Structures are given as C-alpha cells and as structure tokens.
Enquirer: 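The structure's right below; bear with me while I get my questions together.
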Amino acid sequence: MQNLYWKWQFKSAPYWFIAPFVICFIIFVFLPFSYSVYLSFTEWHGQETKTFVGLANYATLLKSGDFWQSIVNSVLIFVLYVPIMLALALIFAACLSTTWMKWTGFFRTVFFIPNITSVVAISFVFLLIFNADQGILNQILMSLGLFDEPIRFLETPWWARVSVAILVIFRWTGYNMILLLGGIQSISKSLYEAAKVDGANGIQSFWHITLPLMRRLLAFCTILSTLGTFSLFTEPFILTGGGPNMATTTPVVLIYNESFKNLNMGYASTISIFFFILMMILSLVQLRLFREHD
Amino acid sequence: MRIQTRALSIVMLVVFLGIAAVFLFPFAWMISSSFKEKSEIFANPPIWIPAKLHFENFTQLFTEKNFGRVILNSLFTAITGTIGGLFFCSMAGFAFAKYNFRGKGLLFGLVLASLMIPMESSLVPLFVIYRDLGMIDQLWGVILPRLTSAFGIFYMRQYCMTIENELLEASRIDGCSEARIYFRIVAPILIPAFASLGIIFFVEEWNNFLWPTIILRSQENLTLAVAIRALQSGVRTPYNLIMSGSVISVVPMLLAIFIFQKQIIAGLTEGTLKG
C-alpha cells in the first residue's frame with residue numbers, strides 16, 4: 001500500500017506541478033481566445049443579445065481599411081525608430097565593452113533606466129516635452145534657431161509618428177544595448193588581438209569582426225521590435241490617443257478603442273483575430289531564429 | 001599610442017556624458033515639474049527651479065486622490081503577482097526539465113501556444129468573463145492572468161536543467177516525496193533564478209497598464225499607473241499633479257537601480273538572454 005502511494009505520487013507529481021499553468025492557460029488564454037473567435041462572427045455592443053452575422057465583420061474589416069491603417073502605422077513607426085535604435089544600441093554596447101571606456105556601469109544603468117520605469121509616467125513627461133506651443137523641446141529648438149515656428153509634434157500625422165518613435169527609442173535603446181552587450185562579451189578576445197596584430201584599428205575591427213558576428217543577434221532584436229511595435233499601446237494611447245487622424249493608431253490601440261470606446265465588441269474581436277494571426281507568424285519566426293541561436 | 005588612447009578615452013567620456021544627460025533629461029524635467037505650479041510647467045523661457053517648491057502637489061495626491069491606498073495597491077499587485085508567478089513558473093519549469101511523463105510534448109505545446117496568443121488579442125472576451133464573474137474592479141483580477149507566463153516557465157526550465165539528476169535520485173532514495181524535493185532541494189537551488197526573474201516580474205507588474213486600466217474603476221482600487229492616467233481630464237488636466245504622481249512611481253525605481261545596479265542589470269541581462 002505504502003509502495004503504491006509512493007509510486008502514485010512520483011508518477012503524478014509533474015502533473016501537479018504543471019496544473020496551475022494549465023488552469024491559468026484554460027481560463028485566461030484558451031477560453032477567451034475561443035470566445036473571441038465566436039464573438040468575431042457576431043454583432044454585439046456589450047449588453048444586448050448577440051446577433052450572429054456570419055462573416056460580416058470580416059467583410060467590414062477588409063473594406064473599412066482601419067485595420068490596414070493600423071498595420072501601416074506600426075510599420076511606419078517601426079521604420080522610423082528601429083534603425084536608429086539598433087544603431088545606437090550597437091554603438092553604446094561596443095563602446096561600453098572596450099577597455100578604455102570609463103564609468104561603464106553608470107552609463108549602462110542610465111541607458112537602461114527608461115526601460116524599467118513606468119511607461120505611463122514617461123509618456124506623460126514626453127507629452128509635456130512635445131507640447132507644441134509651450135513644450136520645452138520646441139523652446140529649445142527655436143532658441144537654437146533650428147526652426148522658426150514651433151513643430152506641431154502631436155497634432156500632425158507625421159510628427160506624431162516621429163514623437164512616438166522618439167519615445168520608443170528612449171525606452172528601448174538600453175534594453176537592446178544590454179542584449180547586444182551580452183553578445184559582444186561572448187566574442188573571443190583573441191579575434192580582436194589578432195586584428196590588432198594585423199594593424200586594424202578599433203573602427204575596422206568593429207566593422208569586420210563585431211558586426212558580422214552580431215548579425216543573428218541583431219536579427220533577433222529586430223524581430224522582438226517588430227512584435228513590440230504591433231502591440232504598442234501605452235505610448236500612443238497617452239501621447240496622442242491614436243490620432244491625429246488615426247496616424248498613431250496601432251492594432252492594439254484600435255482594438256481598445258473599438259471595444260471599450262465604441263463598444264463594437266464583435267468587430268473588435270474580428271480585429272483581435274487578425275492581430276493574433278499576425279503575432280503568431282512573427283512569434284514563429286522568432287522561435288525559429290532563437291532555436292538556431294541557441 | 002598611449003596618449004592617443006587616453007585622449008580618446010576622455011573625448012568618449014565627454015560624448016557619453018552628453019548622451020547620458022539626454023537620457024536623464026526627461027526624469028529631471030519630471031522631478032522639476034512636480035514641484036511647480038501648473039502655469040510654470042509651460043513657462044517660456046522654461047523654468048527649472050520654481051520660485052516656490054510646491055510640496056502640496058504631493059500632499060494633495062494623498063489627501064484628495066487617496067494615493068496612500070493607490071501605492072499600497074501597486075505594491076500588493078506587484079508583490080503577490082511576483083511571488084505567485086515565481087512559484088507557479090518554477091514548478092512548471094521544474095516538471096518540464098526533470099520529469100518524463102505522458103503528454104509532456106502536448107503540455108509544452110500549450111506553453112508555446114500561450115506565448116503566441118497575446119493577451120491583447122482576447123481583451124474583449126476576458127473583459128466579458130470578468131464581468132460575468134464579478135471580478136471587475138478587483139485587484140485580484142489584475143494579478144490572476146499574470147500568474148503563469150511562458151517566458152517564466154522557459155526561464156525556470158532552463159535553470160532547472162542545470163540541477164543534477166543524482167541529487168534528486170539520492171533524495172528519493174532517502175524517502176523524499178516529490179513535493180518535498182521541490183521545496184527542500186529545488187527551491188533553494190533556484191534562489192538566484194528567483195531573484196532575476198522576480199525583478200523582471202516586479203517591474204512588469206509595477207508598470208502594468210493596459211489590463212488594469214480596463215478593469216479597475218473606483219479610486220480606492222487603482223494602481224499607480226492607472227491612477228496617474230486618471231488625473232488626466234480634458235483641458236483642465238493638472239499636469240503638476242500628474243508629474244508628482246509620476247515621481248512617486250518612478251523615483252523608488254531609480255533609487256533601487258542605482259543602489260543595486262550590478263545585481264539588477266546582471267539579473268535582467270541573464271533573464272532576457274536566457275528567456
């Protein structure tokens with residue numbers, strides 16, 4: 001009897017250990033997701049009985065262009081910030097891993113701070129900084145004589161996207177720098193020494209040793225940024241509310257507005273399904289890259 | 001050559017100090033603005049040190065906006081969410097790393113699936129489920145969906161792989177049950193992993209905004225991020241109060257990172273690279 005219990009507790013242990021995850025998965029992932037699929041075929045505003053409308057929401061989505069607009073916005077914001085952010089992160093990481101750089105710990109911390117401090121708080125500071133008529137950024141730019149008129153940062157579509165991009169660069173450069181630092185530190189020192197013997201200077205060895213070896217890690221960072229850009233929410237939500245003229249409406253902002261502002265729960269679910277498919281494809285790419293990276 | 005390196009070192013130090021100043025600028029502006037009168041925030045030319053330090057920007061938050069309670073709410077969700085998350089993720093990670101059992105592949109597939117189904121794609125149904133279960137405006141509702149994360153399970157699984165099988169076998173021969181093995185053998189080994197992952201979970205939960213802003217309603221149940229945003233109201237938004245609220249949410253984090261910078265950065269680096 002004792003033996004039987006012993007065997008049972010050994011055999012069943014892994015299931016008990018995983019049970020909390022499975023329960024959470026069912027309640028917070030599987031059920032909501034299935035329900036989302038169902039809702040995407042209905043017209044529903046949150047209170048009344050749901051009307052089954054078949055593929056009508058899907059037709060609306062393809063016709064209205066809101067969703068495509070949100071994808072295009074994300075892509076534009078992505079193009080505005082990713083090259084700058086990754087270039088900065090790589091330069092910071094390369095400089096902070098040299099022997100001659102001083103205070104590396106301090107700089108690492110400073111660049112990383114924006115990533116762990118509250119997005120809401122930081123977005124509000126930038127809201128003040130970007131203010132067109134009285135914001136400090138316009139005051140600085142104009143007193144330097146760079147512009148004669150204040151830039152309408154949050155009120156014109158392109159500048160609003162640039163503003164969101166600046167905020168994202170501010171928040172995520174340090175994070176990518178830390179990822180890249182890990183990569184740079186794993187490059188063998190002997191490679192650099194050999195290059196030095198051959199007469200290469202610092203910039204040449206960065207170009208010919210560091211950069212090629214970091215290609216995969218940079219690709220990984222890019223994929224992470226892609227996922228991040230499509231699910232961007234708090235930054236545009238606070239800076240612009242998704243405007244002006246939907247210019248900074250990302251898919252998640254669109255889902256939020258449709259479901260909790262316009263109360264189009266059915267239609268919002270349809271958008272969610274498209275968003276899910278997009279994210280799934282990107283995560284598959286990420287997993288693939290990561291497995292090879294491992 | 002040596003003089004050259006030295007000169008380069010100084011030039012780069014100056015350049016980086018300049019960049020660091022740019023990165024710290026928004027925080028400086030936040031702290032400065034939190035002591036201003038509302039009109040001083042948008043003064044031209046900009047005012048860095050206000051004529052009078054308006055400490056009432058802070059006291060007002062506590063007396064009128066219940067921020068004492070709000071801070072406690074944030075601490076409560078961040079701490080319980082972190083502890084619960086560490087507990088559940090480490091158990092699952094341990095099981096995936098050290099046991100062979102029927103359905104392991106399928107269950108691990110679920111972990112991957114949860115990685116691929118972002119919460120943002122089921123906001124509506126989650127909200128409806130919460131409403132029907134009466135969990136709207138409950139702090140528990142903020143914590144529950146974050147108790148298990150695919151990232152946390154991956155991370156813990158990776159860490160558990162380094163535990164030696166002989167150690168577990170020896171404890172079994174000594175008569176340890178599997179639960180005892182987890183609590184007495186595995187958990188102590190995982191302490192460094194708990195620390196690194198714990199920092200990540202705590203920071204995420206402290207700054208969490210989207211889901212809390214959807215379900216939290218009454219002032220006494222808000223978390224910091226939601227309470228700051230709740231101060232915003234059309235043209236009459238008290239930006240000085242928003243800034244003092246932001247200082248309250250950001251400054252403890254800043255102090256912590258400067259005091260524990262080595263541990264935090266190491267933990268986060270390890271965490272992000274492993275996961």
Side-chain angles (χ1 to χ4, degrees), chain A residues 9-10 13-15 17-18 20-22 24-25 28-29 31-33 35-36 39 95 100-103 105 107-114 116-122 124-126 128-129 131 134 136 139 178-179 182 231 233-234 238 252 255 259-260 265 268-269 272 275-276 279-280 283, chain B residues 5 8-9 12-13 16 20 23-24 26 29-30 33 41-42 44-46 88 91-92 94-95 99 101 107 110 114-118 120-126 129 144-145 147-148 153 177-178 203 207 209-210 214 225 228-229 239 242 246 249-250 253-254 257-258 261 265 268-269 272-273:
Chain A
Q9 69 89 24
F10 175 69
Y15 299 106
F17 286 146
I18 296 173
F21 162 72
V22 174
C24 280
F25 178 82
F28 296 109
V29 181
L31 281 180
F33 182 70
Y35 199 18
S36 206
L39 283 177
C95 288
W100 44 261
M101 193 69 206
K102 289 188 167 62
W103 298 358
F107 288 126
R108 226 182 286 183
T109 309
V110 167
F111 297 148
F112 195 64
I113 283 172
I116 61 157
T117 40
S118 167
V119 206
V120 173
I122 291 177
F124 271 116
V125 186
F126 273 79
L128 298 186
I129 291 174
N131 185 292
Q134 293 124 336
I136 191 167
Q139 291 178 14
I178 297 277
L179 285 182
S231 32
F233 173 75
T234 313
I238 289 189
V252 179
I255 293 171
S259 32
F260 301 107
M265 303 278 191
S269 300
S272 305
F275 175 69
F276 157 72
M279 295 303 270
M280 188 184 68
S283 322
Chain B
T5 315
L8 179 73
S9 156
M12 288 309 280
L13 186 65
F16 267 74
F23 272 77
L24 291 175
W29 193 241
M30 179 195 292
S33 301
I41 291 181
F42 295 114
N44 191 0
F88 290 149
M91 284 200 303
F94 173 53
Y99 292 87
F101 49 95
L107 287 170
L110 290 189
S114 74
L115 189 75
M116 272 175 243
I117 305 180
E120 288 89 342
S121 68
S122 13
L123 291 177
V124 175
L126 261 179
I129 292 173
L144 286 174
L147 282 182
T148 56
I153 294 175
S177 69
E178 300 306 310
V203 168
N207 299 332
F209 178 67
L210 177 57
I214 290 173
I228 293 170
R229 149 83 184 160
Y239 282 110
I242 289 191
S246 299
S249 91
V250 163
M253 220 58 127
L254 289 186
I257 197 175
F258 273 107
Q261 54 170 297
I265 299 256
L268 283 162
T269 316
T272 37
L273 283 177

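As the structure is a computational prediction, the values presented were derived from the model and not from experiment.
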Enquirer: One pair to check against side-chain contact (heavy atoms from CB on, under 4.5 Å): Cys95(A) and Met12(B). What are the steps and the verdict?
Expert: CA-CA 8 Å; Cys95(A) 288; Met12(B) 288 309 280; 3.5 Å; yes
Enquirer: Counting only N and O atoms by type, is there a donor-acceptor contact under 3.5 Å from the side chain of Asn131(A) to the main-chain atoms of Phe42(B)?
Expert: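 A pair under 3.5 Å: no.
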Enquirer: Would you find a donor on one side and an acceptor on the other, under 3.5 Å apart, between the side chain of Ser249(B) and the backbone of Ser118(A)?
Expert: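 The answer is no, because no donor-acceptor pair under 3.5 Å joins these two groups.
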Enquirer: Verify side-chain contact (heavy atoms from CB on, under 4.5 Å) between Ile113(A) and Val250(B), making sure each step is shown before the conclusion.
Expert: CA-CA 10 Å; Ile113(A) 283 172; Val250(B) 163; over 6 Å; no
Enquirer: Among Trp103(A), Phe260(A), Phe233(A), single out the residue with the greatest number of heavy-atom pairs under 4.5 Å to chain B.
Expert: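 Looking at each option in turn, the highest pair count goes to Phe260(A).
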Enquirer: Give a yes or no answer on whether the side chain of Gln9(A) reaches the backbone of Glu178(B) with a donor-acceptor pair at less than 3.5 Å.
Expert: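 Checked: pair present.
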Enquirer: Using non-hydrogen atoms only, which part of Val252(A) is less than 4.5 Å away from chain B: side chain, backbone, both, or neither?
Expert: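 When you check distances to chain B, only side chain atoms of Val252(A) fall under 4.5 Å.
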Enquirer: For chain A, which of Ser122(B), Ser246(B), Ala95(B), Ser121(B) has the most heavy-atom pairs under 4.5 Å?
Expert: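 Sorted descending by pairs with chain A, the first entry is Ser121(B).
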Enquirer: Can you tell me how far OG of Ser283(A) sits from CD1 of Ile117(B), rounded to the nearest 0.5 angstrom?
Expert: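 Spacing of CD1 (Ile117(B)) from OG (Ser283(A)) equals 10.0 Å.
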Enquirer: Are the aromatic rings of Phe21(A) and Phe88(B) close, with centres under 6.0 Å apart?
Expert: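 So the answer is no for these two rings.
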Enquirer: Tell me, for Phe275(A) versus chain B, whether the close heavy atoms (under 4.5 Å) come from the side chain, the backbone, both or neither.
Expert: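 Side chain of Phe275(A) only, per the 4.5 Å heavy-atom cut-off to chain B.
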Enquirer: Is there a side-chain contact (heavy atoms from CB on, under 4.5 Å) between Phe33(A) and Leu126(B)? Walk through the geometry before answering.
Expert: CA-CA 9 Å; Phe33(A) 182 70; Leu126(B) 261 179; over 6 Å; no
Enquirer: Out of Gly105(A), Pro32(A), Pro114(A), which one racks up the most heavy-atom pairs below 4.5 Å with chain B?
Expert: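 Most heavy-atom pairs under 4.5 Å with chain B: Pro32(A).
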Enquirer: Rounded to the nearest 0.5 Å, how far apart are CD1 of Ile136(A) and CD1 of Ile41(B)?
Expert: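 Going from CD1 on Ile136(A) over to CD1 on Ile41(B), the span is 11.5 Å.
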Enquirer: Side-chain contact, heavy-atom cut-off 4.5 Å: Phe258(B) with Val110(A)?
Expert: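 Yes. Closest side-chain heavy atoms under 4.5 Å.
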Enquirer: Which residues pass the ring pair (Phe, Tyr, Trp, His ring centres under 6.0 Å) test with Phe101(B), not counting sequence neighbours?
Expert: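 Per chain and number, Phe101(B) pairs via ring pair (Phe, Tyr, Trp, His ring centres under 6.0 Å) with Tyr15(A).
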Enquirer: Just verifying a value: how many Å separate Leu254(B) CG and Thr117(A) OG1, rounded to the nearest 0.5 Å?
Expert: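 Going from the CG atom of Leu254(B) to the OG1 atom of Thr117(A) covers 6.5 Å.
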Enquirer: Provide the closest heavy-atom pair for Leu110(B) versus Phe25(A) in the form atom of the first, atom of the second, distance.
Expert: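 That would be O-CE1, 3.4 Å.
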Enquirer: Quick check: closest heavy atoms across Ala225(B) and Val120(A), and the distance to 0.1 Å?
Expert: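 Minimum heavy-atom separation between Ala225(B) and Val120(A): O-CG1, 3.6 Å.
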Enquirer: Would you please test Leu210(B) and Thr234(A) for side-chain contact (heavy atoms from CB on, under 4.5 Å) and show each step?
Expert: CA-CA 7 Å; Leu210(B) 177 57; Thr234(A) 313; 5.6 Å; no
Enquirer: What is the minimum heavy-atom distance between Ser9(B) and Trp100(A), and which atoms define it?
Expert: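 Closest heavy-atom pair between Ser9(B) and Trp100(A): OG-O, 3.2 Å.
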Enquirer: Could you look at Pro26(B) and say if it's the side chain, the backbone, both or neither that has a heavy atom under 4.5 Å from chain A?
Expert: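 Both parts, backbone and side chain.
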Enquirer: For the atom pair CE (Met101(A)) and CZ (Phe16(B)), what is the distance rounded to the nearest 0.5 Å?
Expert: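 Reported to 0.5 Å precision, the distance equals 5.0 Å.
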Enquirer: If you compare all heavy atoms of Ile255(A) against all heavy atoms of Glu120(B), which two are closest, and at what distance to 0.1 Å?
Expert: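 Where Ile255(A) meets Glu120(B) most closely, the heavy atoms are CD1-O, 3.9 Å.
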Enquirer: Can you tell me how far apart CG (Leu123(B)) and CE (Met265(A)) are? Round to the nearest 0.5 Å.
Expert: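 It comes to 10.5 Å.
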Enquirer: Would a 4.5 Å heavy-atom cut-off, applied to side chains only, mark Pro125(B) and Leu31(A) as touching?
Expert: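 Side chain of Pro125(B) against side chain of Leu31(A), heavy atoms only: no contact under 4.5 Å found.
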Enquirer: For Phe126(A), which residues count as a ring pair (Phe, Tyr, Trp, His ring centres under 6.0 Å) partner, sequence neighbours excluded?
Expert: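 Phe126(A) satisfies ring pair (Phe, Tyr, Trp, His ring centres under 6.0 Å) with Phe130(A), Phe170(A) only.
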Enquirer: Which atoms form the tightest heavy-atom contact between Val124(B) and Ala268(A), and what is the distance?
Expert: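 Smallest heavy-atom distance, with atoms named: CG2-CB, 4.0 Å.
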Enquirer: Given a strict heavy-atom distance threshold of 4.5 Å, which part of Leu128(A) is in contact with chain B: side chain, backbone, both, or neither?
Expert: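 Both parts, backbone and side chain.
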Enquirer: Is any side-chain heavy atom of Ile116(A) less than 4.5 Å from a side-chain heavy atom of Met253(B)?
Expert: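 Yes, close enough: below the 4.5 Å cut-off.
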Enquirer: If you measure from OG1 on Thr109(A) to CZ on Phe23(B), what distance do you get to the nearest 0.5 Å?
Expert: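 If I round to the nearest 0.5 Å, the distance is 13.0 Å.
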Enquirer: Can you name the nearest heavy-atom pair linking Thr148(B) to Cys24(A), along with the distance?
Expert: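 Distance-wise, the nearest heavy atoms are OG1-CB, 3.4 Å.
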Enquirer: If you tally heavy-atom pairs under 4.5 Å against chain A, which of Ile214(B), Ile228(B), Leu8(B) wins?
Expert: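 Top option by heavy-atom pairs under 4.5 Å: Ile214(B).
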